[in-house]
> 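One structure, pasted below without further comment.
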Protein chains: 2
Amino acid sequence: MWSAEENVSLLNDAVLRRETLVFFARCSIRYSGRAESYVEEGERVFLIKSDGALIVHQPTGNAPLNYMKPDTSHSFFVENNILKLKSTNITMKEFLEATISKILFFNSEKLNDGQTIIVQGTEEDMSEMLMERPELVEEGFKPVSREEQTKYGFVDVLGIDKNDVLTVVECKRYCADLSAVTQLRRYVEKIMVSKGIANVRGILAAPKITENAQKMLEDWGFKFVSVNPPKYLENFNKKQAKLDFF
Amino acid sequence: MWSAEENVSLLNDAVLRRETLVFFARCSIRYSGRAESYVEEGERVFLIKSDGALIVHQPTGNAPLNYMKPDTSHSFFVENNILKLKSTNITMKEFLEATISKILFFNSEKLNDGQTIIVQGTEEDMSEMLMERPELVEEGFKPVSREEQTKYGFVDVLGIDKNDVLTVVECKRYCADLSAVTQLRRYVEKIMVSKGIANVRGILAAPKITENAQKMLEDWGFKFVSVNPPKYLENFNKKQAKLDFF
DNA sequence: GGGGAGAGATGCCGC
DNA sequence: GCGGCATTTCTCCCC
């Protein structure tokens, strides 16, 4: 038979020792902070990290059910013979309480990982590629600066077209939508005002663009250019994919 | 001594039985799909869900290190005496490979959870509140419709002010930024065109607004109203907070 | 499935 | 810390 009391100190000790704690539990969860949430009893996976971060997952789905940021303090205790986990982040004014009817299993361990992930094919990689290969934007395009700061935001690539007209290029690594067009529009307007130039072009560089965004782009006299974000590891992975298929 | 071979079938079986599998492992990870990533060897938490979702966490931080969507297929195998996990999502054209030098522990179990989380204090709750208490927008404001999606776009609240001028209200549950203003601007312009009315007002309702956004709002003749999203469970949690403090 | 927008968005960088 | 913005954003809703 499972008993709440005998687990409380083990769980609290694991947290105090700053181990990485994982457990499966049947529980209901209440949260309050930036918003408020409640979920009825079900079986979930809990992960408490060494920095105090808490992540709760249901047995399906990509996103966590509930979570608490790093530097949250956690306390297991028994109240009216019921095990509870109370997680408090004072600075963020956030609170989470799990009412646990059963712990199905738990384990904790000191984990070491000082590595940082490297991601390629980002929007930044894209704008770098356009700086190096300006012909991808259009014939005769000459980049002037990258990531130019304006009061109203960053400009990915600023350049001059073949007719010496100042041109703002906004990159999107995904299918460009309405907000991408309004963002470009915002930059073009800002450059016009700050530089005192009436004729500034806007180019949106992305793999593709939605129909409505294309229409709004045309309404504002801007141009779409189809560009894919660079993927330097593609060859390696194509081989892997083929091995998976056959 | 730990041996790779003896764990392979246990791990694969757990996935095949659609259990929720969790394990700690020292590994490096390569991913390719929408982007590409690589991370050197470190100790991490793996979670494979019953629907095929994979989530990998480092021992600190809120966000996952790597992940794969539901309906990904997973295969553990030994290659050159090294344990590997290969995860493939054919439809999304995504691939992940973990090269595992050591499994520190693993456990799997069939978890049951059919519950759905309830969240309150959302933007939708906010616009509902403004429909019920229009005086929060401004004195004399009369709401006409909420969430008019089909005809005029995703306008949160559409109404008429005390001078019978058509007014678009855009809600934000957080501090309103530049994109909130451009979004409002887009809606106002759309309404002007579709209704053929030159005089349409725009109001941005949010807890607060950034300085630049305020300036842009004024440039476009729009108005800011400070409104907080409703939190119905606030009383319960205030009590909890006090108990935590003292 | 695509499009549009919110999210307890998160995380990063710059000022 | 605020601000502006990308994200393997994710998720939901609606067409």
Side-chain angles (χ1 to χ4, degrees), chain A residues 31-37 53 55 61-70 89 91-96 116-117 119-127 147 149-156 170-180 182-183 186-187 208-214 229 231, chain B residues 31-37 53-54 56 61-70 89 91-96 116-127 147 149-150 153-156 170-180 182-183 186-187 208-214 229 231:
Chain A
Y31 157 81
S32 176
R34 281 165 295 177
E36 297 176 337
S37 75
I55 295 138
N62 185 80
L65 175 68
N66 279 108
Y67 55 90
M68 295 289 276
K69 298 265 180 64
N89 192 316
T91 55
M92 310 267 315
K93 289 178 185 164
E94 294 193 303
F95 310 96
L96 181 144
T116 304
I117 194 166
V119 180
Q120 283 173 329
T122 62
E123 192 185 281
E124 196 187 337
D125 294 330
M126 233 178 122
S127 65
E147 298 272 329
Q149 180 95 47
T150 70
K151 185 85 179 175
Y152 282 174
F154 284 95
V155 172
D156 285 337
E170 174 61 28
C171 301
K172 290 294 164 205
R173 67 179 312 287
Y174 53 86
C175 180
D177 57 11
L178 288 173
S179 68
T182 54
Q183 196 181 349
R186 187 144 47 86
Y187 293 160
K208 52 179 184 164
I209 187 167
T210 67
E211 206 174 311
N212 282 345
Q214 174 72 51
K231 295 184 183 177
Chain B
Y31 158 80
S32 176
R34 283 167 293 179
E36 297 177 338
S37 76
L54 163 70
V56 186
N62 185 81
L65 175 68
N66 280 108
Y67 56 90
M68 296 287 278
K69 297 265 180 64
N89 192 316
T91 55
M92 310 264 318
K93 288 180 186 166
E94 295 192 304
F95 310 95
L96 182 144
T116 304
I117 194 166
I118 298 162
V119 180
Q120 285 173 329
T122 62
E123 193 185 281
E124 195 186 338
D125 294 330
M126 233 176 122
S127 64
E147 298 271 331
Q149 297 190 359
T150 47
F154 299 81
V155 173
D156 286 336
E170 174 62 27
C171 301
K172 291 291 164 208
R173 67 179 311 286
Y174 53 86
C175 180
D177 57 12
L178 290 172
S179 68
T182 54
Q183 195 180 349
R186 190 143 46 87
Y187 293 159
K208 53 180 185 163
I209 187 168
T210 67
E211 206 175 309
N212 281 345
Q214 173 72 51
K231 295 184 184 178

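Note that the coordinates shown come from a computational prediction; the quantities given were computed from them, not determined experimentally. Computed from heavy atoms alone, side chains included, the values below leave out hydrogens, waters and symmetry copies. In what follows, chains are A, B, ... by sequence order, proteins preceding strands, each numbered from 1.
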> If you define the side chain from C-beta out and look only at heavy atoms, does anything of A:Asn62 sit under 4.5 Å from B:Pro70?
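Heavy-atom side-chain distance check passes, below 4.5 Å.
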
> Of all the nucleotides listed (C:dG8, D:dC10, C:dG11), which has the minimum atom distance to the side chain of B:Lys69?
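Nearest listed nucleotide: D:dC10.
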
> So, using side chain to side chain donor-acceptor pair (under 3.5 Å) as the criterion, who are the partners of A:Gln183 when residues are at least two apart?
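Per chain and number, A:Gln183 pairs via side chain to side chain donor-acceptor pair (under 3.5 Å) with A:Lys172, A:Tyr187.
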
> Looking at A:Glu94 and A:Met68, what are the two nearest heavy atoms and their distance?
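For A:Glu94 and A:Met68, the tightest heavy-atom pair comes out as O-CE, 3.6 Å.
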
> Between A:Glu123 (CD) and D:dG4 (P), how many Å, whole number?
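For the pair A:Glu123 CD and D:dG4 P, the rounded distance is 17 Å.
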
> Within the structure shown, what part of the strands sits under 4.0 Å from B:Tyr67 by heavy-atom distance: base, sugar-phosphate, or nothing?
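Touches a base.
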
> Using atom CG of A:Asp125 as one end and atom P of C:dC12 as the other, report the distance to the nearest whole Å.
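Taking atom P of C:dC12 as the reference, CG of A:Asp125 is at 16 Å.
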
> Mind pulling the stems DNA chain C is in, i.e. runs of at least three Watson-Crick or G-U pairs, everything under 3.5 Å?
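For DNA chain C the paired stretches long enough to count as stems (3 pairs minimum) are C:1-7 with D:9-15, C:9-15 with D:1-7.
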
> Under 4.5 Å between any side-chain heavy atoms of B:Val56 and B:Pro64, yes or no?
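No, every pair of side-chain atoms sits at 4.5 Å or beyond.
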
> In whole angstroms, how far is the P atom of D:dG3 from the OH atom of B:Tyr174?
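After rounding, the gap between these two atoms is 13 Å.
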
> Between atom CD1 in B:Ile118 and atom P in C:dG8, what is the gap in whole Å?
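Taking atom P of C:dG8 as the reference, CD1 of B:Ile118 is at 14 Å.
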
> For B:Thr210, enumerate each residue passing the side chain to side chain donor-acceptor pair (under 3.5 Å) test, keeping only those at least two apart in sequence or located in another chain.
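Applying side chain to side chain donor-acceptor pair (under 3.5 Å) to B:Thr210 gives none.
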
> Nearest nucleotide by nearest heavy atom, which residue falls closer to the 5' end of DNA chain C, B:Ala63 or A:Ala35?
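Counting from the 5' end, the first nearest nucleotide belongs to A:Ala35.
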
> Check whether any side-chain nitrogen or oxygen of B:Arg34 sits under 4.0 Å from OP1 or OP2 of D:dC10, and answer yes or no.
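Answer is yes, contact under 4.0 Å.
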
> With sequence neighbours left out, what residues match A:Asp177 under side chain to side chain donor-acceptor pair (under 3.5 Å)?
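Counting only residues at least two positions away or on another chain, A:Asp177 forms a side chain to side chain donor-acceptor pair (under 3.5 Å) with A:Ser179.
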
> Could you list the residues that satisfy side chain to side chain donor-acceptor pair (under 3.5 Å) with A:Asn89, not counting sequence neighbours?
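Testing A:Asn89 for side chain to side chain donor-acceptor pair (under 3.5 Å), a comparison that skips the adjacent residues, returns A:Thr72, A:Thr91.
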
> I'd like to check the side-chain contact (heavy atoms from CB on, under 4.5 Å) partners of B:Ala176; sequence neighbours left out, ordered by chain and number.
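B:Ala180, B:Leu204, B:Ala206, B:Ile209.
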
> How many whole angstroms separate atom CE of B:Met126 from atom C1' of C:dA5?
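From B:Met126 CE to C:dA5 C1': 15 Å.
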
> Touch check for A:Glu94, heavy atoms < 4.0 angstrom, all strands: base, sugar-phosphate only, or nothing?
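The answer is base, as A:Glu94 lies within the cut-off (heavy atoms under 4.0 Å) of a base atom.
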
> When you compare the protein's N or O atoms with those of nucleotides 1-3 of chain C, which come within less than 3.5 Å of each other, and at what distance?
none

> Judged by each residue's nearest nucleotide on DNA chain C, which is more toward the 5′ side, A:Ser179 or B:Ile117?
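The residue mapped nearer the 5' terminus is A:Ser179.
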
> Kindly say if A:Lys172 contacts the phosphate of D:dA6, meaning a side-chain N or O under 4.0 Å from OP1 or OP2.
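Checking A:Lys172 against D:dA6: at least one side-chain N or O falls below 4.0 Å of OP1 or OP2.
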
> Please confirm whether the backbone N or O of B:Gly121 pairs with a side-chain atom of B:Arg173, one donor and one acceptor, at under 3.5 Å?
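Flag set: sc B:Arg173 to bb B:Gly121 pair under 3.5 Å.
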
> Determine whether a donor-acceptor pair (N or O, by modelled atom type, separation under 3.5 Å) exists between the side chain of B:Lys93 and the backbone of B:Ser32.
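No; judged by distance alone, with no hydrogens or angles, the pair does not exist.
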
> Can you figure out which of D:dT7, D:dT8, C:dG6 approaches the side chain of B:Glu170 most closely?
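The answer is C:dG6.
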
> Using the P atom in both, what is the distance from D:dG4 to C:dG8, to the nearest Å?
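The same atom, P, in both gives a distance of 23 Å.
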
> Rounded to whole Å, please give me the gap between CG in B:Asp156 and P in C:dG4.
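So the two atoms are 17 Å apart, to the nearest Å.
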
> Is there a side-chain polar atom (N or O) of A:Arg186 under 4.0 Å from OP1 or OP2 of D:dC5?
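So the side-chain polar atoms of A:Arg186 do come within 4.0 Å of the phosphate oxygens OP1 or OP2 of D:dC5, strictly under.
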
> Quick check on DNA chain D: between B:Leu65 and B:Pro70, whose nearest nucleotide comes earlier from the 5' end?
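Comparing both residues, the 5'-ward one is B:Leu65.
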
> Taking 4.0 Å as the cut-off, does a side-chain nitrogen or oxygen of B:Asn62 come that near to OP1 or OP2 on C:dG11?
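Yes, such a contact exists.
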
> I need the CE-P distance between A:Met68 and C:dT10, as an integer number of Å.
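Taking CE of A:Met68 and P of C:dT10, I get 11 Å after rounding.
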
> Expressed in angstrom and rounded to an integer, what is the separation of A:Ile55 atom CD1 from C:dG11 atom C1'?
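The distance from CD1 of A:Ile55 to C1' of C:dG11 comes to 14 Å, rounded to the nearest Å.
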
> Examine C:dA5: is either OP1 or OP2 under 4.0 Å from a nitrogen or oxygen in the side chain of B:Tyr187? Give yes or no.
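For B:Tyr187, the contact criterion (side-chain N or O under 4.0 Å from OP1 or OP2 of C:dA5) is met.
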
> What nucleotide, of C:dG6, C:dA9, D:dC10, holds the atom closest to the side chain of B:Arg173?
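Of C:dG6, C:dA9, D:dC10, C:dA9 is nearest to the side chain of B:Arg173.
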
> Could you work out the separation of C:dG6 and D:dT7 based on their C1' atoms and round it to a whole Å?
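Nearest-Å result for C:dG6 against D:dT7 at atom C1': 15 Å.
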
> Between B:Gln183 and C:dG6, is there a contact of a side-chain N or O with OP1 or OP2 at under 4.0 Å?
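Indeed, a polar side-chain atom of B:Gln183 lies that close.
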
> A side-chain contact here means heavy atoms from C-beta on lying under 4.5 Å apart; do B:Glu123 and B:Glu170 qualify?
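Heavy-atom side-chain distance check passes, below 4.5 Å.
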
> Identify whether any heavy atom of A:Thr122 sits under 4.0 Å from a base atom; if not, whether one sits that close to sugar-phosphate; answer base, sugar-phosphate or nothing.
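A:Thr122: backbone/sugar contact only, no base atoms under 4.0 Å.
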
